[in-house]
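This report concerns only the one structure given below.
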Amino acid sequence: MTPSPGLLLDFDGTLADSISGLRQAYQSFVTDHGGTPSDAEFETLNGPSLREIVARLALAHTIAAPQADLLADYRARIQSASGFYQPAYGAEALLQAAQDTGYRIVIVTSGWRQHVRAWLDQNGLLHYFEGIIGAEDVTATKPAPQPYLRALSAFKCSPEASLAVEDSRNGVTAAVSAGLNTYIIGQSSLNSQIEKSPLFKGRLNRLYDLREILLNGKT
């Protein structure tokens with residue numbers, strides 16, 4: 001298979017408008033286990049796998065319960081909220097434009113493949129995607145570059161011709177470190193070295209903005 005351009009999309013907060021649901025899951029989990037949630041702590045949880053998130057929270061808030069039980073608890077809270085996630089504004093228009101211009105479209109997430117696939121199917125978007133790289137596919141999640149390197153290899157995408165879209169510092173760090181031209185949605189702070197990298201292409205107000213960039217060939 002000849003390497004092709006790829007559009008590698010983060011899931012939570014990028015393709016799916018899920019941050020409010022994830023915040024609610026985090027806050028209820030910490031509060032119900034006797035801790036005090038904070039915006040600063042929640043910001044650091046955008047990128048790591050769920051297993052790592054639960055381990056961090058158990059340590060930070062001195063939660064003395066088996067890790068397997070805590071993981072199941074947190075997962076149930078996220079799954080409960082996920083049915084209400086909506087696609088980001090203009091998501092399908094972007095996906096159609098990317099498909100029409102020859103991009104292989106892949107999800108690169110720290111979540112689970114099964115959960116993401118079910119959401120894509122539920123929202124009529126699954127047919128746009130070549131596949132999903134999830135937490136179960138790697139040994140090191142974002143900000144490590146491994147998820148993006150795995151996606152490039154598995155779906156035969158050329159890093160020089162591909163784009164990544166993220167919404168977090170961890171995600172951008174992972175994508176740029178994997179050699180990808182990378183955009184970020186929103187105003188999350190970035191490492192100054194990453195922000196100065198020629199691979200960091202700038203900030204988008206919304207996912208839909210990338211459609212015009214693709215159609216105009218100005219990536």
Side-chain angles (χ1 to χ4, degrees), residues 5-26 42-43 45-50 53 75-137 141-142 147-148 151 155 157 162-172 174-175 180-188 201-216 219:
L7 177 60
L8 280 54
L9 296 172
D10 173 53
F11 180 68
D12 287 306
T14 300
L15 181 66
D17 187 8
S18 58
I19 296 302
S20 60
L22 292 174
R23 186 185 300 275
Q24 181 180 358
Y26 155 74
F42 178 71
E43 180 72 19
L45 304 180
N46 193 341
S49 68
L50 185 61
I53 287 171
R75 180 176 293 180
R77 293 171 194 261
I78 290 177
Q79 289 179 329
S80 177
S82 66
F84 301 98
Y85 298 169
Q86 296 297 312
Y89 175 83
E92 186 161 14
L94 167 64
L95 296 173
Q96 187 64 62
Q99 191 175 77
D100 290 346
T101 50
Y103 283 83
R104 291 179 181 152
I105 311 171
V106 180
I107 293 285
V108 181
T109 177
S110 294
W112 325 285
R113 261 187 286 110
Q114 182 179 3
H115 163 68
V116 173
R117 183 177 294 277
W119 183 90
L120 291 172
D121 191 34
Q122 175 186 326
N123 286 278
L125 301 176
L126 183 60
H127 65 283
Y128 288 108
F129 290 88
E130 295 284 329
I132 302 162
I133 296 297
E136 61 267 60
D137 299 308
T141 53
K142 305 170 188 177
Y148 280 103
F155 299 103
C157 295
S162 296
L163 300 174
V165 187
E166 281 281 353
D167 74 315
S168 71
R169 177 187 183 120
N170 283 335
V172 171
L180 284 157
N181 296 298
T182 305
Y183 290 91
I184 187 171
I185 295 173
Q187 300 301 316
S188 292
K201 297 303 180 180
R203 295 179 181 271
L204 304 171
N205 290 321
R206 54 189 183 176
L207 188 63
Y208 180 77
D209 295 342
L210 187 60
R211 177 179 181 272
E212 295 303 313
I213 294 173
L214 292 184
L215 292 177
N216 291 327
T219 56

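It should be emphasised that the depicted structure is a prediction, and the values quoted were computed from it without experimental measurement.
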Do [X] and [Y] have side chains that approach each other closer than 4.5 Å (heavy atoms only, starting at C-beta)?
X    : Y    : answer
L204 : I184 : no
Y208 : L94  : no
V165 : T182 : no
V106 : L9   : no

Approximate separation, where rounding is to 0.5 Å, of [X] [atom1] and [Y] [atom2]:
X    : Y    : atom1 : atom2 : answer
D209 : R203 : CG    : CZ    : 13.5 Å
E136 : S110 : CD    : OG    : 10.5 Å
L7   : S162 : CG    : OG    : 8.5 Å
L8   : L180 : CG    : CG    : 6.0 Å
L120 : L125 : CG    : CG    : 6.0 Å
Q86  : N123 : CD    : CG    : 6.5 Å

Original post:
Which is it for R75 and L50 under the side chain to side chain contact (heavy atoms under 4.5 Å, CB included) test, yes or no, and what are the steps along the way?
Top reply: CA-CA 8 Å; R75 180 176 293 180; L50 185 61; 3.9 Å; yes
Tell me the closest heavy-atom pair linking [X] and [Y], and the distance in Å.
X    : Y    : answer
Y183 : I213 : OH-CG2, 3.7 Å
S49  : T141 : N-OG1, 3.4 Å
N170 : P48  : ND2-CD, 3.7 Å
R104 : E130 : CB-CG, 3.7 Å
A97  : R211 : CB-CG, 3.8 Å
I19  : G13  : CG1-CA, 3.7 Å

Original post:
In a check of ring pair (Phe, Tyr, Trp, His ring centres under 6.0 Å) between W119 and each of F129, F11, W112, which one passes?
Top reply: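 So the option named by the test is F11.
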Original post:
Is there a donor-acceptor pair closer than 3.5 Å between any side-chain N or O of N216 and the backbone N or O of E212?
Top reply: yes
**OP:** Give a yes or no answer on whether the side chain of S168 reaches the backbone of G171 with a donor-acceptor pair at less than 3.5 Å.
**Re:**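 Answer holds: yes.
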Heavy atoms from other residues, nucleotides or ligands near [atom1] of [X] exceed 12 (cutoff 6.0 Å):
X    : atom1 : value
R23  : CZ    : yes
Q99  : CD    : yes
Q114 : CD    : no

**OP:** Give the C-alpha distance, both sets of side-chain angles, the deciding distance and a yes or no for side chain to side chain contact (heavy atoms under 4.5 Å, CB included) between L210 and I185.
**Re:** CA-CA 10 Å; L210 187 60; I185 295 173; over 6 Å; no
**OP:** Begin with the C-alpha distance, continue with both residues' side-chain angles, and end with the deciding distance and a verdict on side chain to side chain contact (heavy atoms under 4.5 Å, CB included) for E166 and Y148.
**Re:** CA-CA 12 Å; E166 281 281 353; Y148 280 103; 2.5 Å; yes
Original post:
Hey, what's the ring geometry for F42 with Y26, parallel, tilted or perpendicular (30° and 60° as the breaks)?
Top reply: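 F42 vs Y26 ring planes: tilted.
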Original post:
For D167 and V172, what are the C-alpha separation, side-chain angles and deciding distance, and is it a side chain to side chain contact (heavy atoms under 4.5 Å, CB included)?
Top reply: CA-CA 7 Å; D167 74 315; V172 171; over 6 Å; no
Original post:
By side-chain contact (heavy atoms from CB on, under 4.5 Å), which residues pair with D137, not counting sequence neighbours?
Top reply: R113, I133, R150
